[in-house]
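Every chain is numbered from 1 and lettered A, B, ... according to where its sequence line falls, protein lines coming before strand lines. This structure is a prediction, so every number in the text was calculated from the model and none was measured.
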Number of protein chains: 2
Amino acid sequence: MPRPADPHARDALVSAARAEFARRGLRGARIEDITAACGLSKGAFYLHFPSKEALFGEVVGAFQSEMDALNARRLEAVERFVEAHGIPGPRDRVERSERYQRLVDLETAYDLEALELVWAYRDVSRVLVGGSQGTEFESLLWQVTNTQVSRVAQSFRRLQEAGAVDREMDPELFGSVIVGAYLLLSNQMAGMEQKPDLSAWARTLQKLCQEGTMPRLEVPRSVPGLAAPARAPRPPAPSTRRPQARAKTRSTRTPRNRP
Amino acid sequence: MPRPADPHARDALVSAARAEFARRGLRGARIEDITAACGLSKGAFYLHFPSKEALFGEVVGAFQSEMDALNARRLEAVERFVEAHGIPGPRDRVERSERYQRLVDLETAYDLEALELVWAYRDVSRVLVGGSQGTEFESLLWQVTNTQVSRVAQSFRRLQEAGAVDREMDPELFGSVIVGAYLLLSNQMAGMEQKPDLSAWARTLQKLCQEGTMPRLEVPRSVPGLAAPARAPRPPAPSTRRPQARAKTRSTRTPRNRP
DNA sequence: AATGTGACTGAACCGCGGGTCAGAAATCCA
DNA sequence: TGGATTTCTGACCCGCGGTTCAGTCACATT
């Protein structure tokens, strides 16, 4: 087997591609730029990957499977906790009991792990979020997102049924807020040169979630006019979606009149 | 002036373009598809816009200026409130006093307005977030995002200095969470066929913010181990950003050895 | 009707970038 | 040293899609 392949070529391509994707998006990245960054020629790319989409898919796959694994461990850990200690009730929460604190610590630890994972794949996350619209990967992003939203919503619902969180809150909406926060944070990570204090992030995130969903107990008055009529709710907006598109093709255009 | 232009042509093009951008992203949208959706020919597009980027820029400009205007009104309203009633202190918050409730209502009303605006431009928002990476509009998104993060962080900081919110929280991080929630919600809106109950969304959002940032006062024990060592923080990850890219161009490649 | 004018068409043009492949280069083995 | 073999190069091809423009059409005016 003469002329052994450069052992770093494949890794170098992956790294360069990730950087290029992060800069220009999936569509915008040019294979020649990727190979040039590794000191290779365009043709060399195809010795390792059939297309840039395939390369990206490989990286995304790794990201997704790690995320899935983490998710599974997290679900299992919470399950074990509930079996051992039961679901915290309203009292646990407002009094910040030992077992409530334990659960919060558990969740915080997993939030931190999730943040670490996102940090490691922050560039990929950025591309998935911001540069894969109209590609095969767009749906994948929503798949991951919705999985997370569901997970959060599910555990939220359980606490809700136990009376441990405000019953008026929509679990799905709550989940969206949390996941949305992750998405923006991951995008911000992509622009950072050094790692932020993810541990502090995880703590703040948990605090926000825990305190923000405290059930109403010793509340003095019951918050009547929260909905607030929101003066002048603004007219529906200048333009909605496709108001009067005229015809599918040029065939059916109405002639201005007949001679 | 014979052959008057079809009065709907321009609007139809804008609508069709927005739909197409939302489907395929800025880069992925094809001008011929846009014009075909209006029953026009490709050439007609250039009678109205110099390029698809120009069209998009026009729509984005409208979005941005409405957002800026709303932002200005909001800042002014909060300023007026503070002048009239002062900044709520810790007591106001934990007791949910009248003036605290007023401020929450005010914020909720503006959140609702913002959500309404995002709803009207949900397709544009989706493209800005998810389909403009590597284009001239990418920076614009971050400009808008950062403006909002700063606004939230600023008002957060003020409350923090008054002792009305937890001092341990990073204002910028808090802002990112809120804005991130908006971004994900706007993306989810883009896939909805009918308008959700934005008023409920605004309420939940505010509740989360308000309760989630409650200062520590009558807490029984002072929450010692929140930081949680987070077992096995995971090795830095399989791949970081461009570890060993070899050379800028093919010129400086190291020959494997000399004959 | 004839004519002028501006809206609109669509074939043609062209650059960009993905993908190919004949050949050069590198390495091993005899 | 001279094949044998595999890696890697880079010129080339080609389709896609943005852009152009000569020609056509619809309408107003005369």
Could you please name the option among [options] that lies closest to any side-chain atom of [X]?
X: B/Lys52; options: D/dG18, D/dG10, C/dC8; result: D/dG18
X: A/Tyr46; options: C/dG18, C/dC8, D/dG18; result: C/dG18
X: A/Lys42; options: D/dC8, D/dA11, C/dC8; result: D/dA11
X: B/Ile31; options: D/dG18, D/dG10, C/dG18; result: D/dG18
X: B/Ala44; options: D/dC8, C/dC8, C/dG17; result: C/dC8

Taking ring pair (Phe, Tyr, Trp, His ring centres under 6.0 Å) as the criterion, tell me which of A/Trp119, A/Phe56, A/Tyr121 meets it with A/Phe63.
A/Tyr121
Rounded distance in Å - [atom1] ([X]) to [atom2] ([N]):
X: A/Glu53; N: C/dG18; atom1: CD; atom2: P; result: 9 Å
X: A/His8; N: D/dT7; atom1: NE2; atom2: P; result: 17 Å
X: B/Phe45; N: D/dT19; atom1: CZ; atom2: P; result: 9 Å
X: B/Asp6; N: D/dC25; atom1: CG; atom2: P; result: 18 Å
X: A/Leu40; N: D/dT7; atom1: CG; atom2: C1'; result: 11 Å
X: B/Glu20; N: D/dG18; atom1: CD; atom2: P; result: 11 Å
X: A/Arg24; N: C/dG17; atom1: CZ; atom2: P; result: 9 Å
X: B/Leu13; N: C/dT9; atom1: CG; atom2: P; result: 10 Å

What heavy-atom pair brings [X] and [Y] nearest, and what distance separates the two atoms?
X: B/His48; Y: B/Ala9; result: NE2-CB, 3.9 Å
X: B/Ala114; Y: B/Leu70; result: CA-CD2, 3.5 Å
X: A/Gln148; Y: A/Val179; result: CB-CG2, 3.7 Å
X: A/Pro171; Y: A/Arg157; result: CG-NH1, 3.6 Å

Pick from A/Val60, A/Val118, A/Val129: which one makes a side-chain contact (heavy atoms from CB on, under 4.5 Å) with A/Val124?
A/Val60
By a strict heavy-atom criterion of less than 4.0 Å, which residues belonging to residues 129-141 of chain A are in contact with DNA chain D?
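Nothing qualifies; none.
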Quick one about B/Ser176 and A/Gln188 (side-chain donor to acceptor, distance below 3.5 Å, no hydrogens or angles considered), yes or no?
yes
For A/Leu47 and A/Arg27, take the nucleotide of DNA chain D holding the closest heavy atom to each; which residue's nucleotide lies nearer the 5' end?
A/Leu47
